[in-house]
Amino acid sequence: MDQPKTSYEKPVLVKYQNGSSDKFGRLQAITPMTHIDGWPVQDLIEKYGSPLFVFSERTMVHKCRELKELLALRYPKFQLAWSFKTNYLNAICRVFDREGSWAEVVSEFEFEKALRLGIPSSRIILNGPYKTESALERALKGGTRIHIDHFDELSLLEKVADRLGMRPEVGIRVNFSLSSVPNWDRFGFNLENGQASSAVKRLTTGKRLTLSGLHCHIGTFVLDPQAYREATAKMALFAKQLCDEMGLSIKWIDLGGGFASTNTLHSQYLPGNQVTPSFSQYVEAIAEGLENLNGPTSELPLLFLETGRALIDEAGYLLATVQANKRLSDGRRAVVVDTGIHHLITSLWYRHEIVPAQEFNGTFEPTAIFGPLCMNLDVIRANILYPPLKVGDRLVIKTVGAYNVTQWMQFITLRPNVVMISRNGQCDIIRHKETLDHLVALEEVPPWI
Amino acid sequence: MDTALLNRLKDIAISDSGFIFDPYSGATFNTNETGRFILQLLKEGNGIDAIQSEIRKHFKTSEEDLRSDIYEFINLLMEAQLLPKSFQC
Ligand SMILES: Cc1ncc(COP(=O)(O)O)c(C=O)c1O
């Protein structure tokens, strides 16, 4: 009788390197992910194609409720506002709306999108360095909260308010230096150099607007919760100063977004899921900063958070299919997949966690994972210790829910379907894949060509 | 194959678990079972066709042509300086 044969596996050769863990990040066990919220990855791809973005409603709701529950324990008056630019697909915005979030928009296009979705003007916050006159007019008419970014906008807003014959309550965005994060001083008025105080004086002496709110957004993917304690304290003390010195009552303080998700920055040594602070650490830091406010609860300002990334990143997955295996000149293995940097701009910032969607065995090798573009920059992972993959194998790229389906681009290939799996296990398309017809519909060829 | 090369290959130590030690450079490598099998056949002086048919006898595979895998592995051995760049098989 024949001896049972061993299964053939492509021959590999991996050189041992001293300190190789530095090169690949800490060696992390790779566990296949065969299902997303009960749906087999294979079935999702067969039904909706590859590549495919998949959103988990369960994760979104869980994250949102977790943050709200923690805030409720520490501060009596708070409100989340969904940062549209993080992900403005209607279905995504609708979930946050249903969970009680307001909308935070930074352009007329986003403003219009929120209104069309049925979000009342009075539950929208309008931010950003460029607000058109027509957006400001609509915002004033509908009671949208406007956070003024610079002096020119202040004058423009006064003009619009004057024309409408109203004296609206508005906020200003401020910026300041913090010990552990760089100052985003291009947005808003600087606190330390007196610009913010000048803006308040200018606003109050103009007598056409009433200052009722203070806004800041200290950065994004802020890994140090203490930065929030410091920032919140600065905001609270500024509000107190305005009250004591100018008799102004600040009715809301908006701390913007910026909490980190569990992704791993290229510059980070340890994986994000080991070092990213929890919501409770951020909330604790904010609560400590808010202790600088005093007065009866009824007079405490309403606290807004515009958390984006940390609420949606973990809810998003990108499924891909292996198209080819090849060898680079240094012997390193390379894998070509059908999704790339045009769908996954965040691979410029993160070492995304990528796991096979099926069981695997074989020797792990240093591997580069490339996208399908005929462009050198199309790299999803430059160097990851990875098991062998076959053409047709599926991969799950994790934690891709923030900023990708807004910053993606149509380039060389078309953008894929986006689906959402509901908490009761239903899966629906929330954005259809593009076709050539969608694209050429916007083009014209002048008759003289 | 020339004898100097065969001697060099013979001196390379390969353990059952696929651990490779090159006494000339001190470098260490890891290979899988197929790699270990091919290295053994190369040490014995086999050519590409013989290696391919030995693999077929020993392993279960539906791959039609194993030669690209074998050449790719030989390239890796050259890259690792376990075989000279001039190696022909
Ligand atoms: C004003 C403002 N609020 C909120 C956000 C959301 O930030 P994040 O996704 O880091 O939470 C941003 C993003 O840059 C922003 O500019």
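Values reported hereafter were calculated over all heavy atoms of this structure, with side chains retained and with hydrogens, waters and symmetry mates removed. Chain naming here is simple, since letters A, B, ... match the order of the sequence lines and numbering starts at 1 in each.
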Heavy-atom distances under 4.5 Å only: say whether Arg56(B) touches chain A with side chain, backbone, both or neither.
backbone
If one checks every heavy atom of Phe19(B) against chain A at 4.5 Å, the contacting part turns out to be side chain
Pick one of side chain, backbone, both or neither for Thr363(A), based on which atoms fall under 4.5 Å of a heavy atom in chain B.
side chain
Does Asp65(B), at its CG atom, have more than 12 non-hydrogen atoms belonging to other residues, nucleotides or ligands within less than 6.0 Å?
yes
Which of Ile38(B), Thr31(B), Leu39(B) passes side chain to side chain contact (heavy atoms under 4.5 Å, CB included) with Pro11(A)? Answer is Ile38(B)
Nearest 0.5 Å please: distance from the NZ atom of Lys60(B) over to the CD atom of Glu9(A).
12.5 Å
If you draw a 6.0 Å radius around CD in Gln81(B), do more than 12 non-hydrogen atoms from other residues or ligands fall strictly inside?
no
Which heavy atom of Leu13(A) sits nearest to which heavy atom of Ala80(B), and what is that distance?
CD2-CB, 3.8 Å
By a 4.5 Å heavy-atom criterion (distance strictly below it), what part of Asp69(B) contacts chain A: side chain, backbone, both, or neither?
both
Select one option (side chain, backbone, both, neither) describing which atoms of Leu76(B) are under 4.5 Å from chain A's heavy atoms.
both
Pair Ile55(B)-Tyr8(A), side chain to side chain contact (heavy atoms under 4.5 Å, CB included): steps then yes or no
CA-CA 8 Å; Ile55(B) 292 178; Tyr8(A) 174 79; 3.7 Å; yes
Taking C-beta and beyond as the side chain, do Lys10(A) and Thr34(B) meet within less than 4.5 Å on heavy atoms?
no
More than 12 heavy atoms of other residues, nucleotides or ligands under 6.0 Å from CD of Glu46(A): is that the case?
yes
Apply side chain to side chain contact (heavy atoms under 4.5 Å, CB included) to residues Arg327(A) and Glu79(B) and explain how you reach the verdict.
CA-CA 11 Å; Arg327(A) 288 274 165 200; Glu79(B) 183 63 37; over 6 Å; no
Determine whether more than 12 heavy atoms belonging to other residues, nucleotides or ligands lie under 6.0 Å from atom CG of Asn376(A).
no
Exceeds 12 heavy-atom contacts within 6.0 angstrom, atom NZ of Lys390(A)
no
Any idea which heavy atoms bring Phe73(B) and Val12(A) closest together, and the distance?
CE1-O, 3.5 Å
